[in-house]
Amino acid sequence: MQLFNETTHLALAKALEATSLRQRVIADNIANLNTPGFKRSEVRFEELLRKAVGVREQALPLRRTDPRHFGGAGDLETLTPEAEPVRMTSMRADGNNVDLDREMVSLATNTIAYRASAQMLGDRLAKLSLVINGGR
C-alpha cells in the first residue's frame with residue numbers, strides 16, 4: 001500500500017520543495033540588486049510538473065496502469081525544481097538585470113503558493129490521521 005507515494009501527495013511535496021527553492025533564489029536576487037553584472041535566476045518547476053504528470057495542452061490525458069506502458073504520467077519522485085540564470089536581459093548599464101518590483105511580486109506570489117501547498121498537504125495528512133485514529 002502506497003500511502004505517501006500517490007500522485008497528489010508527491011506533487012504537493014514537490015511543490016513545497018519548489019517554493020522553498022524559489023524563496024532562496026528570490027532572496028539571492030534581491031541581495032544582489034546592486035551587484036554589477038549580476039544576473040537574476042528563476043526556478044523552473046510548473047512546466048516540469050506538467051510533463052511529469054502527463055498533462056499536455058490539447059491532448060487527451062493518458063492513464064498508465066502499468067509502469068511499462070508508454071505515454072503515461074512521468075516519474076514524480078525524480079522531479080527536481082531547477083534554478084536557471086536569466087542571462088539575456090539587462091536592467092542597467094552595469095549588466096545587472098534584477099528588477100526589485102518584479103522580485104517583490106514574485107515573492108508575494110511564491111508565499112501564496114507555499115501556503116496553499118502546505119495547507120493542502122496538511123489537510124491530507126489530517127484526514128489520514130483521522131482515519132488511522134478511527135475517527136477520533
Examine distances only and state if a side-chain atom of Asn97 and a backbone atom of Met88 form a donor-acceptor pair shorter than 3.5 Å.
no
Determine whether a donor-acceptor pair (N or O, by modelled atom type, separation under 3.5 Å) exists between the side chain of Asn96 and the backbone of Thr35.
yes
CZ (Arg102) and CG (Leu100) are apart, to the nearest 0.5 Å, by 12.5 Å
Taking Ser106's backbone N and O only, do any of them form a donor-acceptor pair with Asn110's side chain (distance below 3.5 Å, no angle check)?
no
Hydrophobic cluster identity match, Met104 and Phe38, side-chain contacts under 4.5 Å
yes
Close side-chain approach of Thr80 to Phe45, heavy-atom, < 4.5 Å:
no
Does the pair Leu16 and Leu12 meet the rule for a side chain to side chain contact (heavy atoms under 4.5 Å, CB included), with working shown?
CA-CA 6 Å; Leu16 288 176; Leu12 289 171; 5.9 Å; no
Can any side-chain N or O of Lys14 pair as donor or acceptor with the backbone N or O of Pro81 at less than 3.5 Å?
no
Asp94: what forms a salt bridge (Lys or Arg N to Asp or Glu O under 4.0 Å) with it, not counting sequence neighbours?
Arg92
Quick one: does any side-chain atom of Asn32 pair with a main-chain N or O of Val98 as donor and acceptor, under 3.5 Å?
no
Given Glu84, Glu42, Glu17, Glu46, the one that forms salt bridge (Lys or Arg N to Asp or Glu O under 4.0 Å) with Arg22
Glu46
Pair Val25, Arg40 - check side chain to side chain contact (heavy atoms under 4.5 Å, CB included), show working.
CA-CA 8 Å; Val25 166; Arg40 63 184 295 274; over 6 Å; no
Taking Leu107's backbone N and O only, do any of them form a donor-acceptor pair with Thr111's side chain (distance below 3.5 Å, no angle check)?
yes
Using atom types as modelled, flag every donor-acceptor pair under 3.5 Å from a side chain in residues 113-121 to any protein atom, sequence neighbours excluded.
{"residue": "Ser117", "atom": "OG", "partner": "Ala113", "partner atom": "O", "Å": "3.0"}
{"residue": "Gln119", "atom": "NE2", "partner": "Asp123", "partner atom": "OD1", "Å": "3.0"}

Linking I/L/V/M/F/W/Y whenever any side-chain heavy atoms sit under 4.5 Å apart, do Leu33 and Ile26 land together?
yes
Among Val43, Leu21, Leu48, which residue satisfies the side-chain contact (heavy atoms from CB on, under 4.5 Å) criterion with Glu82?
Leu48
Is a side-chain N or O of Asn29 found less than 3.5 angstrom from the main chain of Ser41, in a donor-acceptor match?
yes
